Q: 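One structure is given below, represented as structure tokens, and several questions about it will come after.
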Amino acid sequence: MVMKNPDVQFCGYCITHPSESKINFRIQTRGSLPAVEPFRKGLTDLMGVCQHVLNTFEKSIKEYRAQREEEMQ
């Protein structure tokens, strides 16, 4: 999601060690834009995508259950 931002030149991450819950991010931007801004926007966009997926899934479940109910009657 961060790389979709046109102001981001490079984005990468590494996990320091499998037993540690730490991730190191490296974000390189074009110009003088601070890296934290595209990072925050990427997280916000990701939350939006996840919410859309959840809503679509829940809608499909409701439709499926309604269809099964009709078939049972």
Side-chain angles (χ1 to χ4, degrees):
M1 293 307 287
V2 175
M3 282 300 297
K4 289 186 177 195
N5 188 329
D7 294 326
V8 174
Q9 192 170 17
F10 173 81
C11 179
Y13 74 95
C14 68
I15 299 173
T16 55
H17 191 273
S19 66
E20 294 181 28
S21 58
K22 294 181 183 179
I23 299 175
N24 293 326
F25 281 93
R26 175 174 159 80
I27 300 173
Q28 186 173 336
T29 60
R30 293 177 172 83
S32 61
L33 181 69
V36 73
E37 289 180 28
F39 184 67
R40 283 187 181 144
K41 183 179 180 329
L43 291 175
T44 302
D45 293 348
L46 181 60
M47 286 186 344
V49 168
C50 290
Q51 189 61 52
H52 173 72
V53 169
L54 179 62
N55 292 343
T56 303
F57 178 75
E58 289 175 343
K59 180 182 171 191
S60 295
I61 293 268
K62 285 179 185 177
E63 290 172 359
Y64 174 76
R65 287 182 178 161
Q67 182 183 7
R68 278 191 61 204
E69 234 177 70
E70 286 178 14
E71 290 174 357
M72 293 290 205
Q73 293 176 2

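On a predicted model such as this, the values are computed, not experimentally measured, just so you know.
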Q: For Thr29 and Ala35, work out which heavy atoms get closest and say how close.
A: CG2-CA, 4.1 Å

Q: Give, for atom CG of Leu46 and atom NZ of Lys4, the distance between the pair rounded to the nearest 0.5 Å.
A: 10.0 Å

Q: Does Val36 share a hydrophobic cluster with Met47, counting links as ILVMFWY side-chain heavy atoms below 4.5 Å and allowing steps through other members?
A: no

Q: To check you understand the geometry: which heavy-atom pair defines the closest contact between Val8 and Pro38, and what is its length?
A: CG2-CB, 3.5 Å

Q: Kindly state each residue pair satisfying side-chain hydrogen bond (donor to acceptor under 3.5 Å, both in side chains) with at least one member in residues 8-18, sequence neighbours excluded.
A: Gln9-Gln28, Thr16-Glu20, His17-Ser19

Q: Measure the spacing between CE of Met1 and CG of Asp45 and express it to the nearest 0.5 Å.
A: 4.5 Å

Q: According to a 4.5 Å side-chain heavy-atom criterion applied to Ile, Leu, Val, Met, Phe, Trp and Tyr, with indirect links allowed, do Met3 and Phe39 form part of one hydrophobic cluster?
A: yes

Q: Can you establish whether the number of heavy atoms outside Arg30 located under 6.0 Å from its atom CZ is more than 12?
A: yes

Q: Rounded at 0.5 Å granularity, tell me how far CG in Asn5 sits from CG in Leu33.
A: 7.0 Å

Q: Of the non-hydrogen atoms in Gly42 and Val2, which two are nearest, and what is the gap between them?
A: CA-CG2, 4.2 Å

Q: Please tabulate, one pair per line, all N/O donor-acceptor pairs under 3.5 Å involving side-chain atoms of residues 64-73, not counting sequence neighbours.
A:
none

